[in-house]
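In this text, all values refer to a predicted model and were calculated from it rather than measured experimentally. Residue numbers count from 1 along this sequence.
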Amino acid sequence: DLPRVFKDVLLPFQQSAVKVAAHHLHHRGGVIIGDVVGLGKTYTATALAKMFEDDFFLETLIICPKNLVKMWQGYVHKYQLRAKVTSITQVQSHLPEERRYRLVVIDESHNLRNREGKRYRAIQEYIQLNDSKVIMLTATPYNKTYLDLSSQLRLFLGESYNLGISPERYIQEKGGRVQFLANHQVSETSVAAFEKSAYSEDWAELMRLYLVRRTRSFIKLNYAIDDAEVGRKYLEFPNGDRSYFPDRLARKVEYTFDPKDPTDQYAKLYSSDVVNIIDRLILPRYGLGQEKYERKNLLETLTVDENGVKENLSRAGTRLIGFARTNLFKRLESSGYSFLLSISRHILRNYLFLYAIENNLPFPIGKQESGAIDDFMYTDQDEDTSQQLGFLDPKSDFMEQAKEYYASLQRKRHKYQWIRSELFSDKFQGDMLADAQQLLKVLNLGKDWSQVDDRQLNALYNLIINTHKTEKVLIFTQYSDTAYYLFESLKSRNLQNLACVTGDMDDPTAFAHQFSPVRTKYPFPILIKPAF
C-alpha cells in the first residue's frame, strides 16, 4: 500500500503510476518510468522505493547524474528513505566494492544506451550479481532505435530470460517460428528476439510489460477537472488544493536585419556565402573511418587498441558528418556569437590534427571524432576549449595555439583514445587544411562582433526590461555557450538578480528552488538556463 505521506502529496495520476509500476517491479524485476518532463517522476520513484522498503524491507541504491545528487539526497532525507545516493560518474570505481542493495533507482537511464560502455557494464554487473530490482527514470526512453529500449531492459534482464511473449509480427514476416529459430538461434521469448524486429507493434507489446509513460495531454484528458467559472482545467491534491494547467501562449520575438547593410552582423552570417561554405565543408575529422583516408599498407600494423578506435570511427560512417554540419547551422540559429565560437573551436581542432601530422604524433580521439553520435548531438562544447568566452582572431597563429592545445591534452591522456597520425593519408591532411581555410573566411566576417549591436540580444533585452519587467523570466537555450553569452551580456547591461545554470553545474536544483514562485524570500527574477 502507498505510504500515507505520499497519499497526501501525490496527485491521482502519480498514485496510479506508482500502483502500475509496483506491479511491474514486483512481478518482472524492473520498470521504466517514462512520463514526460514535469510530471513528477522523482516523486513517483521515491514513493515506489518507500513502498518496497515498507513491504519487503528493501534498501535502495540511487544512481543519478552528478548534478542531481543533492536533489536525491534531499528526497532521501525528507521521506526517511533507507537509501544511498551515488553519482553515475563513480559507478566504475564504487560499485565493485558496494554492499548489496536489493533495489536500484537509475535516474536519466537513457544515458545507458551504449552496452559497450564501462559505466553500463559496471551497473549491469552489479544489478545482476545482486539480483536487484530496478526502477529507471527517463523522459526520453527511446531516441534513435528500438535498441535504446532493449539496452535499458538488459540492465536487469538476462540473455535467456523468458519474457512470456514473442515478436509476433516479425516472426510472421520470417515465415513462422521454425524459420525464425533457424535464422537467429535465439529464444523467441527473449529480449534478443525482439531486437531482431523493426516493427512498432512488437515493441509496443514488449514495453507494455515494463514501461509506464504518460503525456501532458493524456493527464489533461483523463485526470483533469474543469473549472467552468474560469474556463480552465486543474488537478486536485488529496488535501483539496488545486493545481491549474498553465496556459501556454506562444509569442514571437521578432528582430530584423538588412541583408544589404555591410555592417549588419547577422546579415553577414546569414549570407549565401556562409551557407555555401558550410554546405561544402568536407569535415574529415568526423569521417576518420572512411576508406579514402586509410594508408592501406599500414593497416596490418594496427595495435589492438588502435583497431578498437578504428572500428568505432568506421561505425559512425557518414552520419556524423551530417550531424556536424547540421549542428553548425543550429548554432547559428541559437546565437551569432555561439556560432562564431564554434567555428573558432573547429578551426583550432583542425590545426591540432595538422600539428600532430606534421610532428608525427598520435591523434587524440574524443567524443566528437569517435562516432559517439548521442554525445555529439547533445553537447555543444569541446571539453578542453569550453571555457573560452572569446573566439580566436582570424589572424592568430593557429599552429602555435594548436601546439599548446596538444600539450594540454597530453596531460589528460586518460580522457582520450589515441591513434597514430601516420595511419591516415595525405588526402586527410589536405581536406583538413582546406576546411580550416574556408572556416577562416567565416570567422573573419565576425571578427568585430559586438554584443551592443546584436539584434537578437537587444530584442531579448527589451522583452525583459519592458514587456515582462515585473515578472520572472526563464530563458531556455539548447547551447550552454549561448547561455553564458546571454548571461555576460545582460550582466554588462546592469541587469540585476541574474543567474546562469548549465548541466555542468553540481547543483542546478538549488537555482530552481531560488527561482520557485513559492520561495518569495529569494528574489530571483531571471534565470538563464540551457536545456540539458
Side-chain angles (χ1 to χ4, degrees), residues 1-3 6 10-64 68 72 75-76 79 81-83 85 88 101-113 120 123-124 126-128 130-143 146-158 161-165 189-191 194 202-215 218-219:
D1 190 25
L2 190 68
F6 289 102
L10 293 186
L11 286 158
F13 79 88
Q14 293 170 323
Q15 292 193 26
S16 70
V18 172
K19 292 176 182 178
V20 175
H23 178 273
H24 292 340
L25 191 61
H26 182 61
H27 292 284
R28 301 188 180 95
V31 63
I32 300 176
I33 301 176
D35 287 347
V36 299
V37 173
L39 296 187
K41 290 186 292 297
T42 307
Y43 274 112
T44 302
T46 305
L48 194 57
K50 191 66 176 179
M51 180 189 298
F52 274 71
E53 177 185 307
D54 291 348
D55 293 351
F56 304 106
F57 309 104
L58 302 189
E59 294 180 315
T60 304
L61 177 65
I62 300 169
I63 300 172
C64 64
L68 297 181
W72 272 106
Y75 277 88
V76 169
Y79 296 106
L81 196 62
R82 293 178 65 85
V85 183
I88 195 169
Y101 286 89
R102 292 296 310 282
L103 181 62
V104 176
V105 174
I106 305 174
D107 201 355
E108 305 285 359
S109 64
H110 55 265
N111 291 322
L112 297 171
R113 287 189 291 253
Y120 183 98
I123 295 172
Q124 183 187 51
Y126 178 85
I127 290 170
Q128 297 188 2
N130 292 286
D131 193 27
S132 303
K133 295 183 180 296
V134 183
I135 303 170
M136 290 178 280
L137 309 181
T138 171
T140 54
Y142 169 87
N143 180 35
Y146 292 125
L147 296 182
D148 296 341
L149 299 171
S150 63
S151 292
Q152 292 170 78
L153 294 179
R154 279 178 175 271
L155 287 169
F156 63 93
L157 293 180
Y161 180 81
N162 186 345
L163 296 166
I165 59 172
T189 59
S190 66
V191 174
F194 279 85
D202 288 338
W203 284 92
E205 187 67 12
L206 172 61
M207 297 315 296
R208 180 180 60 81
L209 304 180
Y210 294 99
L211 177 66
V212 178
R213 180 171 175 82
R214 282 84 55 81
T215 61
F218 176 87
I219 301 302

Task: Criterion side chain to side chain contact (heavy atoms under 4.5 Å, CB included) on Gln124 and Leu155, from CA distance to verdict - done: CA-CA 5 Å; Gln124 183 187 51; Leu155 287 169; 4.0 Å; yes
- [ ] Kindly say whether Phe56 contributes a backbone atom to a donor-acceptor pair with the side chain of Arg102 at under 3.5 angstrom?
- [x] no
Open item on the list: Is the distance between the ring centroids of Tyr75 and Tyr43 under 6.0 Å?
Closed with: yes
Task: Which atom of Trp72 lies closest to which atom of Ala45, heavy atoms considered - done: CH2-CB, 4.1 Å
Task: Shortest non-hydrogen contact from Lys133 toward Leu58 - done: CD-CD1, 4.3 Å
- [ ] Would you please classify the geometry between the Phe194 ring and the Trp203 ring as parallel, tilted or perpendicular, with 30° and 60° separating the classes?
- [x] perpendicular
TODO: Run the numbers on Tyr120 and Arg154 for side chain to side chain contact (heavy atoms under 4.5 Å, CB included), then give the verdict.
DONE: CA-CA 10 Å; Tyr120 183 98; Arg154 279 178 175 271; 3.4 Å; yes
Open item on the list: Given 3.5 Å as the limit, does a donor-acceptor pair link the side chain of Ser16 with the main chain of Phe13, or not?
Closed with: yes
Open item on the list: Run His26 and Phe52 through side chain to side chain contact (heavy atoms under 4.5 Å, CB included) and show every step you take.
Closed with: CA-CA 9 Å; His26 182 61; Phe52 274 71; 4.1 Å; yes
- [ ] Among Ile33, Leu61, Thr60, Leu81, find the one that has a side chain to side chain contact (heavy atoms under 4.5 Å, CB included) with Val105.
- [x] Thr60
Open item on the list: I need the Ser132 OG to Ile106 CD1 distance, nearest 0.5 Å.
Closed with: 9.5 Å
Task: Partner of Pro141 under side chain to side chain contact (heavy atoms under 4.5 Å, CB included), chosen from Arg213, Met207, His110, Arg113 - done: Arg213
TODO: Could you tell me whether a side-chain N or O of Arg28 sits under 3.5 Å from a main-chain N or O of His23, the two making a donor and an acceptor?
DONE: no
- [ ] Evaluate the side-chain proximity of Tyr126 to Tyr101: yes if any heavy-atom separation is below 4.5 Å, no if none is.
- [x] yes
Open item on the list: Nearest 0.5 angstrom please: Leu25 CG to Ile32 CD1, how far?
Closed with: 12.0 Å
TODO: Taking all non-hydrogen atoms of both residues into account, name the closest pair between Ala47 and Pro3 and its distance.
DONE: O-CD, 4.4 Å
Open item on the list: How long is the straight-line distance from CG of Leu153 back to CG of Leu147, given to the nearest 0.5 Å?
Closed with: 11.0 Å
TODO: Could you go through the ring-ring contact (aromatic ring centres under 6.0 Å, His included) check for Tyr79 and Phe6 one step at a time?
DONE: CA-CA 9 Å; Tyr79 296 106; Phe6 289 102; 4.6 Å; yes
Open item on the list: Working note: Thr46 + Thr42, criterion side chain to side chain contact (heavy atoms under 4.5 Å, CB included); need CA distance, chi angles, decisive distance, verdict.
Closed with: CA-CA 6 Å; Thr46 305; Thr42 307; 4.3 Å; yes
Open item on the list: Can you confirm whether Leu112 sits close enough to Met136 that some side-chain heavy atom of one is under 4.5 Å from a side-chain heavy atom of the other?
Closed with: no
- [ ] Answer whether the closest heavy-atom distance between the side chains of Leu163 and Tyr210 falls below 4.5 Å.
- [x] yes
- [ ] Please round to the nearest 0.5 Å and tell me the distance separating atom CD1 of Ile88 and atom CD of Glu108.
- [x] 9.5 Å
Open item on the list: Using 0.5 Å steps for rounding, measure from the CG atom of Leu103 to the CD1 atom of Ile135.
Closed with: 4.5 Å
TODO: Report the distance from atom CD1 of Ile63 to atom CG of Leu68, rounding to the nearest 0.5 Å.
DONE: 13.5 Å
Task: Minimum-distance pair of heavy atoms, taken over all atoms of Val36 and Lys41 - done: O-NZ, 3.6 Å
- [ ] For residues Val212 and His24, report the shortest heavy-atom separation together with the two atoms involved.
- [x] CG2-CD2, 4.0 Å
TODO: Mind listing the closest non-hydrogen atom pair of Cys64 and Asp107 along with its distance?
DONE: CB-CB, 3.8 Å
Task: Within-4.5 Å side-chain heavy-atom neighbours: Leu149 and Leu211 - done: no
